[in-house]
Amino acid sequence: MSTQDMFAEPENGQDGAAQRAIELRDELNHHAYLYYTLDAPVLPDAEYDKLFQELVALEKANPALRSADSPTQRVGAKALDGFETVRHAVPMLSIRTETDTEPSGAENFDTRIRRELELAPEQPELEYVCELKFDGLAMSLRYEDGVLVQAATRGDGEVGEDVTENIRTIGQIPLRLKGDAPPVLEVRGEVYMRRDDFESLNERQRARIAAGEKGEKTFVNPRNAAAGAVRQLDSAIAAQRPLSFFAYGVGDVTAPGEGWQPFETHYELLMRLREWGLPVAKETAVVKGARGLIDFHQSIGAQRDDLPFDIDGVVYKVNSLSLQRRLGFVTREPRWAVAHKYPAQEQLTTVEAIDVQVGRTGKLTPVAKLAPVFVGGVTVTNATLHNEDEARRKDVRVGDTVVVRRAGDVIPEVVSTLPEKRQPGAEVFSMPRHCPICGSDAVREEGEADFRCTGGLFCPAQRKQSILHFAQRRAMDVEGLGDKLVEQLVDAGVVKTLADLYRLGLSSLVALERMAEKSAQNVLDGLEKSKSTTLPRFLFGLGIRHVGEATAKDLARHFGTLDAVMQADEEALLAVADVGPVVAASVHTFFAQAHNREVVEQLVACGVHWPEEAVDHDAPKPLAGLTVVLTGTLPTMGRDEAKAMLEAAGAKVSGSVSKKTAYVVAGAEAGSKLDKAQALGITVLDEEGMKALLATSSPPMGE
Ligand code: IVH
């Protein structure tokens, strides 16, 4: 069957099956929009699956019903041999970059625009739309009569590649637009990968490599991972690479008929795109004059590391489309837009030494000690060389001039060296064969990239790192337990196991150098507070190899209790979504060791606790399909604990209140979310109310 037939619209004069297929398609597309784009699902996954399977069966029996906007067509049938080329109806332009990263960069743009428009200083300030400059790859999505018919890469701006099959797998991209979209609409935007999706993809890739799967690799950054996924010839593989999309403009658009009001401003256009179901970044803002541009640049600069995705600057666009037309283009760039960058994330410096650090699992990491250099907004003095192979491949030597890179809160790394600047006689780096901390043998196992210290918890470096891992914010979140203190505690022999942390007394802390009674008490308070935690945090904190945050959550969700995780054999572990043989073996081996079980028991004996509930996989989830928002400080319960309890009951816990929110649980100092809930007439509960709700399963009031 050709693709043409597969995507043929059903004949007119449809029977019941055709009608039902249309209903199912509309319903599934609507729920995909709520789930992926609004992040506010209302339908439990199982219900969605039921409808989806019904559509699959219908289409199987009547292949003519398989239309292009059917959600069953998100993953194509077979791998392609290569990509077809596509000539863009309207060329995909690039954008001028302002390299002055200071506020003057924004002033330059405003001054230039005013000059080109011949505006006198006393004339009013211009309106601009400020957007993020997403660090992904440009995409053109062509919708005909509201249906996605083609997705193409930018290519050279005139001719790109047809990547429709892969783009269909992106849940955020509507296969059919909502509402009154024009007959032809080309949406221009950026395909990107969120940082958390990138981390879990690499976590899975590492497990695959460890399992000996051939041809697998980890990705350097989200942009490369996204580009790789878009250019996958097999859309089934692309579907496993979680991509996202933001719209920022249009290409070809035809009016639906006489009297159609074209957009007057760029902002209006973006809002229409949003109404038609396309994701538009919530940071997008309309501002006035140079001051507005500068404020936006600075405010986004301050949030940059906390955004869930990478950006490499912001974009300013003249808001009025008629002014845009007046300004026109220079060669391939519009005069009405500019990208304003942030300080470089790469700089040159010199290597003063190469040290070898010992990690939590004994991994030896060569680290370049650098002449201090200001990069990505901070002064960097250390940069990782990852492992022996990487250090060899880059051939970094002491005294070399190197390129260092820092992006977000990622550890700075040495990207490359400039051999032409090398001092004569500089020696090739080689990894030591003994642990530089405890002197145990360092070995590199078959198929592994890393050398490891064989000292285990005998090695003070491994002990320190395990404790820091356990105490970190994303694990047990022990406030006040920093690396200097952990170093002292381990060196003094006061803390040998994780459980020893909870046995610390005021006197042993005060006995340490530079530790006043007040700070000692703060540490004890931090430890006490950390005892109330969640199972995923606890599991992650134990530092089991290959168990990152995502896997810890999967394990907790699947098994419900720590006992169940500890007792699971490899087969039971393999039943967990996203757990493969390497992770299963690692978890099983960890809990098979008597000393690990002992530490866990001691931690629990010291008072570490979390809400747990045996998971009955068939048990009804009273809050399934309901979205709950937590706000303010609850009297007795930590936010994570409350969240875990709600999730265990099937609720989705969201960060923002909307019409779809079923309940808002509010504690002390609840702010705007509570106001919004009251304005929308959403049921507001306190902690007691939430507990009562979890104990019963009554439906929300007033619905
Ligand atoms: S507008 C006519 N807006 O940056 C102007 N581009 O050289 C066309 N990009 O690869 C581009 N975020 O994919 C525009 N908010 C944004 C953007 C953006 C990222 C990328 C775009 C292209 C490059 C422009």
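Order of listing sets the numbers, starting from 1, for every ligand and every atom in it.
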So, [X] and [Y]: side-chain donor and acceptor under 3.5 Å apart, yes or no?
X      : Y      : result
Thr551 : Glu203 : yes
Asp295 : Ser299 : no
Glu158 : His88  : no
Ser67  : Arg25  : yes

Shortest protein contact, [atom] (heavy atom only):
atom                    : result
atom 21 (C) of ligand 1 : Tyr248 OH, 3.1 Å
atom 12 (N) of ligand 1 : Phe134 N, 3.1 Å
atom 8 (C) of ligand 1  : Leu93 O, 3.8 Å
atom 2 (C) of ligand 1  : Pro334 CG, 3.5 Å
atom 20 (C) of ligand 1 : Glu190 OE1, 3.5 Å

Please confirm whether [X] comes within less than 3.5 Å of ligand 1 when only nitrogen or oxygen atoms on both sides are compared.
X      : value
Lys133 : yes
Ile95  : yes
Lys317 : yes
Leu132 : yes

Taking only heavy atoms of Ala138 into account, list the atoms of ligand 1 that are under 4.0 Å away from them.
10 (O), 13 (O)
Can you name the atoms of ligand 1, numbered from 1 with element, that are less than 4.0 Å from a heavy atom of Glu131?
3 (N), 15 (N), 16 (C)
Checking side chain to side chain contact (heavy atoms under 4.5 Å, CB included) between Cys130 and each of Val287, Val286, Val314, which is the one that passes?
Val287
Stepwise salt bridge (Lys or Arg N to Asp or Glu O under 4.0 Å) check, Asp400 with Lys421:
CA-CA 7 Å; Asp400 277 6; Lys421 294 207 168 177; over 6 Å; no
Are Lys178 and Glu275 within salt-bridge range, i.e. N to O under 4.0 Å?
no
Could you check, using the six-membered ring where one of them is a Trp, whether His340 and Tyr316 have ring centers closer than 6.0 angstrom?
yes
